[in-house]
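The structure appears right after this line, and notes come after that.
Order of the sequence lines sets the chain letters (A, B, ...), proteins ahead of strands, with each chain counted from 1.
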Amino acid sequence: MSRQVVTRFAPSPTGMLHIGGVRTALFCWLFARKHGGRFILRLEDTDLSRSTDDNIRIIEEGMAWCGLDWDEGPVVGDPSQWKGPHGPYRQMQRMDLYRAKIQELLDKGLAYRCRCSRETMEGRRKTVEAAGKVFQYNRGVDAGKGCASAAHDASQPAAIRFRMPEGGDIVVADLIKGETRFPANSLDDWIIARTGDGPGEIGVPTYNFCVVVDDTDMQVTHVIRGDDHLNNTPKQIPLYEALGSDLPAFAHVPMILGADGAKLSKRHGATSITEYQAMGLLPSAVRLALARLSWTPKIDGRAVETAEEELLTDAQMIQLFDLEDCQKSAARFDMDKLQWLNQKLIQRSSWQELEPHLRPFMAEVSKGAWAAKPDAWKAQAIHATQKGKSLTDMAEALRFAFEGPTTFDEKAAEKFITPTVKPALREVRDLTDYSHDALEAGFNAILERHGLKTKDLAQALRVALCSKPVSPGIFDTLMLVGRDEVVARLDRWL
RNA sequence: GGUCCCAUCGUCUAGCGGUCAGGACACCGCCCUCUCACGGCGGGAACAGGGGUUCAAUUCCCCUUGGGACUACCA
């Protein structure tokens, strides 16, 4: 009986939730959901200068917006609370555990105190480099210079180093990258705890140590993380062994690059998840786009082929997700594809599904008037604009329903509101039945009477009602503006 | 410098020795059309280079080149 699958996402709360982080979290989430396991959110907040409660909230809200719910982790908005049996889930609150583990290693002789000062280290480093070698603490040219063999009592403040194996290879059996071997001699005894405040005291433990202790303590079975951590893994593996813990499975997912192939950064535009939210993208589209970077879903062993198959629902993604179908190489972020997915997902959503997402954008465009509109009206408004690429496009396309024209597209007005159509416009003004069918019938009758084409009257109406010759279908436009307002707006021209 | 990872159309990718190298997005053209869109149809577009192995390499091995990560008392 194998253990229940447990994955975790462990970001540092340093200011924003990066899109690359979201993708890693998404893979962890998909994997856990697929295997009926648990997904943990853990905050690596040992960088005191940058970790704030605000930054933690940004992560929690970003994750929540993306629909990446965690089974264990912090409780949103309350630093003293958490859910799950292995808390707390903020590293700064887990210091006692770390110190206990370090003491254990110290007692077993698997770690030792290091009192080498920055100055002596620098000196030794220079000697080694002058000899054309790579500086490795207490290894190679530096062998015997470190504290490992010295009498390391606790009479002075000291950092703690982990005793790494020498000789042979450390192999990482990675679920994505395959088997990778690192010569043990290319590594050295690394610091697991910074210099303590006083003699015998254990300082703040370092990242590579905390992850291992936490993953072990939280019973994480699958460590799915960015491949920038692949090189950290051979340092961590001997630590698992020293701690007497089973090794989790590792899966290092490739990075996400900007469109130019460089590491995704601010200059590529949006890197923070909140920016995607602000762009009017559906969280489901963001999830799909991110998942499809470096992952090719296979249906019965065959990669998805048609556009139809590309549009996976969450349920399908969860069912199909497999680390074996993940790419080893980094992928460039494709904004066009995201927007296409967004458009398709908008098209196939019901108005009820769309409305909550559209609401914040409409609140702004309608200056608060949206909320008060009846459902039937909202449904029509959404249907009329559901071809848009984004929620912001939809909101923008509906602006005419809330705001009468203040300025007009002069050229369009001149072109479409001609003396020959004005009499027809007058008759449109006089229409009273604003049901779709009645409008269509009345409209056609007017066209016939005046010998006009649909285009002539529709475009004239668009300019008169919306100030520009672009709007949803003409009957939708009339209905959404409403009879009273149509009359008012037309009167300016008649 | 050392260790490690990566490499098919512009982009995301399929391919796991023999394929006309397939698809999606983007792009271009045509059609549809009350505007903008949507939609439909069609088109151009790739195996980084060099050596091996093999009857046969996009596919396996090596080198080069080009990206990238780690190499901190950051995470």
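Here A/Arg125 lies in heavy-atom contact (under 4.0 Å) with sugar-phosphate atoms only. Among the heavy atoms of the strands lying under 4.0 Å from A/Ala331 are primed sugar atoms or P, OP1, OP2 only; no base atom is included. Residue contacts shown for A/Asn208 include a base, since a base heavy atom lies under 4.0 Å away. Nucleic acid contact class of A/Lys298 (heavy atoms, under 4.0 Å, all strands): sugar-phosphate only. Contacts of A/Lys453 with the nucleic acid, taken as non-hydrogen atoms under 4.0 Å apart, are absent. Residue contacts shown for A/His229 include a base, since a base heavy atom lies under 4.0 Å away. A/Arg302 comes within 4.0 angstrom of nothing in the nucleic acid, heavy atoms only. Residue A/Thr14 is out of contact with every strand shown, counting any heavy-atom pair closer than 4.0 Å. The residue A/Gln136 sits apart from the nucleic acid: no heavy atom pair falls under 4.0 Å. Within the nucleic acid shown, A/Ser329 comes within 4.0 Å of sugar-phosphate atoms alone, with no base atom in reach, counting heavy atoms only. When heavy atoms are screened at a 4.0 angstrom cut-off, A/Asp336 is found touching the sugar-phosphate backbone but no base atom. A/Cys116 comes within 4.0 angstrom of a base, heavy atoms only. The residue A/Thr385 sits apart from the nucleic acid: no heavy atom pair falls under 4.0 Å. Residue contacts shown for A/Gly473 include a base, since a base heavy atom lies under 4.0 Å away.
Of the listed nucleotides (B/U11, B/A75, B/C4), B/U11 has the atom at the smallest distance from the side chain of A/Asp334. Closest to the side chain of A/Met255, from the set B/C4, B/C6, B/A69, is B/A69. Checking B/A72, B/C74, B/U13 against every side-chain atom of A/Thr296, the shortest atom distance belongs to B/U13.
Neither side chain, A/Gln380 nor A/His383, offers a donor N or O lying under 3.5 Å from an acceptor on the other. For A/Thr233 and A/Arg225, the side-chain atoms include at least one donor-acceptor pair closer than 3.5 Å. A/Gln91 and A/Asp45 are not linked by any side-chain donor-acceptor pair at a separation below 3.5 angstrom, with hydrogens and angles left out of the test.
Nearest heavy atom pair, residue A/Tyr112 against residue A/Asn138, reads OH-ND2, 4.2 Å.
Residue-to-nucleotide contacts include a donor-acceptor pair under 3.5 Å from the side chain of A/Arg462 to the base of B/C34. Counting atom types as modelled, A/Asn231 pairs a side-chain N or O with a base atom of B/A69 as donor and acceptor under 3.5 Å.
Base pairing analysis places B/A24 opposite B/U11; the two distances defining the Watson-Crick or G-U wobble pair are each below 3.5 Å. Pair check for B/A46 finds none; no Watson-Crick or G-U wobble contact set falls under 3.5 Å. In this structure, B/C41 forms a base pair with B/G29, meeting either the Watson-Crick or the G-U wobble geometry with both donor-acceptor distances under 3.5 Å. With a cut-off of 3.5 Å on both pairing distances, the Watson-Crick or G-U wobble partner of B/C4 is B/G68. Remark: B/A57 base-pairs with no nucleotide in the shown strands. Criterion, Watson-Crick or G-U wobble with two distances under 3.5 Å. When both pairing distances are held under 3.5 Å, B/U35 makes no Watson-Crick or G-U pair with any nucleotide shown.
In this structure B/C38 sits in the syn conformation; its chi angle is within 90° of 0.
Mapping A/Arg194 and A/Gly132 onto RNA chain B via the closest heavy atom, the residue that lands nearer the 5' end is A/Gly132. The residue among A/Lys235 and A/Lys177 whose nearest nucleotide of RNA chain B is located toward the 5' end is A/Lys177.
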One character per nucleotide, please: for nucleotides 36-42 of chain B, 5' to 3', B when the base has a protein heavy atom closer than 4.0 Å, S when only the sugar-phosphate does, - otherwise. SSSS---
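A cation-pi geometry, defined here as NZ or CZ lying under 6.0 Å from the six-membered ring centre and within 45° of its normal, does not hold between A/Arg139 and A/Tyr137.
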Quick one: do A/His222 and A/Phe27 satisfy ring-ring contact (aromatic ring centres under 6.0 Å, His included)? Show the steps, please. CA-CA 11 Å; A/His222 296 258; A/Phe27 276 20; over 10 Å; no
Start with the C-alpha distance between A/Glu427 and A/His450, add both sets of side-chain angles, then the distance that settles side-chain contact (heavy atoms from CB on, under 4.5 Å), and finish with yes or no. CA-CA 10 Å; A/Glu427 290 190 32; A/His450 295 266; 2.6 Å; yes
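In this structure, the side chain of A/Asp217 does not engage the main chain of A/Val213 through any donor-acceptor pair within 3.5 Å.
In summary, of the residues considered (A/Arg42, A/Arg90, A/Arg8), a salt bridge (charged side-chain N to carboxylate O under 4.0 Å, His left out) with A/Asp214 occurs for A/Arg42 alone.
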